[in-house]
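Data first, discussion second: the structure below is written as structure tokens.
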Amino acid sequence: MMCYYTMNPKGRKSAMVPTTTSSVRTRFAPSPTGFMHVGNLRTALYEYLIARSLGGTFVLRIEDTDRGRLVDGAVDAVYRTLARVGLRHDEGPDVGGDFGPYVQSERLHLYRPHAEALVAAGHAYRCFCTKERLESLRAPAASAGAAEDDGSGAAAGAFSAGYDRHCRDLPAEESARRAAAGEPHVIRQRMPLEGTTVFEDAVYGRIEVDDAELEDQVLLKSDGFPTYNFANVVDDHLMRITHVVRGSEYLSSTPKYQLLYEAFGWKPPVYVHLPVVNGADGKKLSKRHGAVSFEGLVDEGYLPEAIVNCIALLGWSPGGTQEIFTLDGLCRAFRIDGISRSPAVLDYDRLRWFNGEYLRALAPEAFLAVASSWIARALPGAGAGLDLSRLAAALQPRVTQLSQIPGMVSFLKELPDYDLRLFANEKMKTDPALAAAMLGLAEKELAGLGEWTHDALHAALTGLAQREGRKNGQVMWPVRIAVSGTEVTPGGAIEILAVLGRDESLRRIGMARRKLADAR
RNA sequence: GGCCCAUUGGUCAAGCGGCCAAGACGCCGCCCUCUCAAGGCGGAAACGGGAGUUCGAUUCUCCCAUGGGUCACCA
């Protein structure tokens with residue numbers, strides 16, 4: 001298999017990106033601790049796109065090593081979301097594959113031997129420190145910053161340097177003896193005390209850190225479960241992952257990964273760190289910015305396709321001016337060097353625009369299918385006798401978020417108690433007096449109408465305007481107000497008459513006439 | 001606080017030493033029009049600051065400022 005390297009052009013100090021076309025493997029490795037955040041979804045999307053754009057394989061792995069944070073149903077949400085947006089994984093817990101199992105809790109037997117191998121090689125050691133002792137190490141800093149909540153700037157107080165490497169130099173025999181005696185312990189990585197560790201990121205370029213900065217991190221917890229950092233390295237290697245794609249919050253722990261790969265003598269993967277997605281205030285995207293889970297967004301009336309399109313362009317650019325991309329289109333256009341390094345903000349206005357584009361691109365039947373449940377919310381009882389497809393047609397070009405629908409159609413169910421001043425409109429050149437006159441004529445005209453169809457209604461009303469020497473608007477406006485009681489409606493007078501049907505339309509026009517007459 | 005990263009219009013962003021600094025969302029105006037949308041046309045709106053390097057910096061280097069990330073037996 002051929003493997004060549006490209007110098008990426010963004011001035012990123014020679015990020016080496018292997019571009020083999022046959023062996024690329026990426027994985028999405030969520031931990032089932034809740035709903036699927038759009039940030040995670042975007043990570044999954046990029047992992048998928050990198051694999052697909054390079055002819056590679058996309059793997060799903062569940063990282064459930066924190067048994068304290070497991071949330072029921074979280075794994076299902078992952079499956080549902082991936083399926084709903086079309087990110088099909090080639091290997092995973094549900095579809096199998098040659099490198100399983102794909103759930104970390106089923107791989108427990110793998111981690112201890114790897115950790116012990118590191119101990120034997122001197123790259124790791126057993127630590128028998130109690131939780132209490134570790135906490136006491138942190139105590140001074142903790143008390144200083146304890147009162148601080150999330151916002152309002154940096155917590156006062158210094159941060160401790162972390163673990164003091166108390167057990168780092170325990171004699172090997174003592175360590176082995178205490179472990180054999182069943183004394184609880186963790187296994188820690190033995191970091192170099194001096195020197196620098198360097199790694200290459202495909203997005204951020206070359207990054208260098210002092211080894212002295214690195215803590216002797218825990219690899220294997222006392223409960224026998226691996227930590228995320230350790231399991232990740234072991235599994236990524238065993239699963240032949242070539243591109244480790246994840247949020248940039250992992251950038252600062254990547255040197256530890258690098259050292260782990262080196263300790264094992266394994267070839268490090270290509271690191272692809274992604275800029276984070278923030279809310280409008282530049283802070284981490286959270287509920288107070290609006291829905292942030294994929295399913296929450298769907299519940300608010302956004303189409304999965306629109307969500308994917310929108311977030312694909314958050315932190316990545318195809319370079320050209322195209323905005324609308326299908327998943328396949330993204331696979332074709334995606335390039336790692338189009339990923340940017342600065343954080344992006346999810347703009348709901350923009351999401352809404354994408355959504356409108358997708359909504360309008362839908363076939364009329366497809367739009368009716370997605371809109372009907374929203375219509376039903378405002379018009380229970382299937383909108384009794386209303387022409388739903390006609391209504392949907394009026395809605396389609398006007399809706400950018402499905403949740404807008406109930407508010408737009410509620411007047412159909414019940415005529416609002418409107419103000420007669422609505423009949424006055426300067427631009428339409430109408431006022432209550434003219435409206436009363438036109439409504440009288442329109443009522444007669446419509447009552448005698450043979451067929452209650454869009455075309456017939458249109459012919460009748462425009463004919464009326466012509467005969468009376470009026471502008472169309474001088475007839476249409478009063479009629480529309482009369483049958484809707486609403487200043488702004490989806491569709492004009494004709495559409496609403498058609499949707500409402502003859503009886504209800506005439507009833508409403510009659511009511512308007514009486515209202516107008518009473519007011520005189 | 002240490003370390004790491006970032007900084008082009010309000011937002012997403014192109015830009016790879018020489019441009020009157022693309023495009024999109026949003027906003028404003030006009031057209032179309034039976035309201036509102038959709039559509040068409042047009043407009044306002046940006047290189048955080050300071051030193052260098054260079055004939056020439058949005059682009060390269062350094063410093064500062066600001067923002068973010070990270071310092072767990074969480075991922």
Side-chain angles (χ1 to χ4, degrees), chain A residues 9-11 29-31 33 63-66 68-69 127 129 131 134 138 141 154-163 184-188 204 207-210 212-215 217-223 225 227-229 231-232 246-255 273 275-276 278 280 282-284 310 313-323 340-354 356 360 394-400 408 425 427-428 458 461-462 465 471-481 484 486-495:
Chain A
K10 269 202 168 162
S31 57
T33 55
E63 308 220 330
D64 57 349
T65 56
D66 184 356
R69 295 209 308 166
C127 168
C129 291
K131 221 150 187 143
L134 296 178
R138 272 193 297 273
F159 290 86
S160 82
Y163 180 58
H185 64 277
V186 301
I187 292 181
R188 289 182 183 272
Y204 290 89
I207 293 179
E208 222 178 292
V209 298
D210 270 344
E213 298 290 329
L214 275 19
E215 188 184 24
Q217 66 171 345
V218 172
L219 267 19
L220 205 65
K221 308 182 216 175
S222 55
D223 64 2
F225 277 66
T227 58
Y228 166 84
N229 290 340
N232 223 252
R246 71 224 313 192
S248 65
E249 63 268 27
Y250 293 104
L251 213 43
S252 51
S253 49
T254 301
H273 285 95
V276 298
N278 288 327
K283 298 279 197 297
K284 203 170 193 149
C310 185
L313 264 16
L314 267 190
W316 170 78
S317 167
T321 60
Q322 186 180 343
E323 304 280 346
S340 63
R341 283 164 290 193
S342 44
V345 171
L346 175 61
D347 180 358
Y348 288 86
D349 278 332
R350 195 165 147 81
L351 207 211
R352 216 169 282 120
W353 174 76
F354 276 109
R360 269 174 266 126
L395 250 16
Q396 190 165 6
R398 285 171 248 261
V399 173
T400 55
M408 294 169 83
N425 184 287
K427 195 172 155 219
M428 291 300 111
H458 187 266
L461 260 21
T462 54
K471 299 174 55 114
N472 283 342
Q474 292 177 301
V475 173
M476 302 299 186
W477 180 274
V479 171
R480 193 179 60 83
I481 296 301
S484 71
T486 306
E487 187 171 15
V488 173
T489 56
I494 308 296
E495 275 88 1

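Hydrogens, waters and symmetry mates play no part in the numbers below; they use all other heavy atoms, side chains included.
No side-chain donor-acceptor contact under 3.5 Å links Thr400(A) to the backbone of Trp353(A).
Checking Leu220(A) against Phe354(A), the closest nucleotide of RNA chain B that is more toward the 5' end is the one next to Phe354(A). Between Asp223(A) and Glu249(A), it is Glu249(A) whose nearest contact on RNA chain B lies nearer the 5' terminus.
Using the Watson-Crick or G-U wobble rule with both distances under 3.5 Å, G29(B) pairs with C41(B). Nucleotide C47(B): unpaired (no Watson-Crick or G-U wobble partner with both distances less than 3.5 Å). The partner of A21(B) cannot be assigned: no Watson-Crick or G-U wobble pair with both contacts below 3.5 Å exists in any strand. Base pairing annotation: A6(B) forms a Watson-Crick or G-U wobble pair with U66(B), both donor-acceptor distances under 3.5 Å. Across every strand in view, C71(B) sits in a pair with G1(B) that passes the Watson-Crick or G-U test at under 3.5 angstrom.
Side-chain contact annotation: Arg246(A) with Thr254(A), donor-acceptor N/O pair under 3.5 Å present. Counted by atom type alone, Ser31(A) and Arg69(A) present zero donor-acceptor pairs between their side chains at under 3.5 Å.
A salt bridge is absent between Glu249(A) and Lys284(A); no separation between the charged side-chain nitrogens and carboxylate oxygens falls under 4.0 Å.
Separation of the C1' atoms belonging to C34(B) and C20(B) is 44 Å when rounded to the nearest angstrom. With both ends at atom C1', the span from G43(B) to G26(B) equals 14 Å, rounded to whole Å. Taking atom P in both C4(B) and U61(B), one finds a spacing of 16 Å when rounded to whole Å. Taking atom P on both A75(B) and U70(B), the two are 14 Å apart, rounded to the nearest angstrom. Spacing of C1' atoms, A37(B) relative to A21(B), comes out at 33 Å, to the nearest Å. For the P atoms, the distance from U58(B) to C3(B) is 30 Å, rounded to whole Å. With P as the reference atom, U66(B) and U54(B) are 31 Å apart, rounded to whole Å. Nucleotides G40(B) and A24(B) are separated by 10 Å at their P atoms, to the nearest Å.
Contact between the side-chain N/O atoms of Lys221(A) and the OP1/OP2 oxygens of C74(B) is found at a separation under 4.0 Å.
Side-chain contact between Tyr163(A) and Leu134(A) is present, with at least one heavy-atom pair separated by less than 4.5 Å. Residues Val399(A) and Arg360(A) fail the side-chain proximity criterion, which asks for heavy atoms closer than 4.5 Å.
Note that CD of Glu63(A) and CG of Asn232(A) are 4.5 Å apart. Values are rounded to the nearest 0.5 Å. In this structure, NZ in Lys427(A) is found 9.0 Å from CH2 in Trp477(A), a value given to the nearest 0.5 Å.
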Working for side-chain contact (heavy atoms from CB on, under 4.5 Å), residues Thr489(A) and Glu495(A): CA-CA 10 Å; Thr489(A) 56; Glu495(A) 275 88 1; over 6 Å; no

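Thr486(A) comes within 4.0 angstrom of no nucleic acid atom, judged by non-hydrogen atoms across all strands. In this structure, Val345(A) reaches the sugar-phosphate backbone alone: every heavy-atom distance under 4.0 Å involves primed, P, OP1 or OP2 atoms, never a base. Residue Phe225(A) is classed as having no contact, given no heavy-atom separation below 4.0 Å to the nucleic acid. Across all strands shown, Arg352(A) has no heavy atoms under 4.0 Å from either base or sugar-phosphate atoms. In this structure, Glu63(A) reaches the sugar-phosphate backbone alone: every heavy-atom distance under 4.0 Å involves primed, P, OP1 or OP2 atoms, never a base.
Remark: His458(A) pairs with no residue by the side-chain hydrogen bond (donor to acceptor under 3.5 Å, both in side chains) rule, at least two apart or across chains.
Checked against a 6.0 Å centroid threshold, the rings of Tyr348(A) and Phe354(A) do not count as neighbours.
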Annotated protein contacts, base or backbone, on nucleotides 25-37 of chain B with a non-hydrogen cut-off under 4.0 Å, one of B, S, - each: B-------BBBBB

Pick out the pairs of N or O atoms, protein on one side and nucleotides 4-6 of chain B on the other, that lie under 3.5 Å.
none

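The distance from atom CE of Met408(A) to atom P of A38(B) is 11 Å, rounded to the nearest whole Å.
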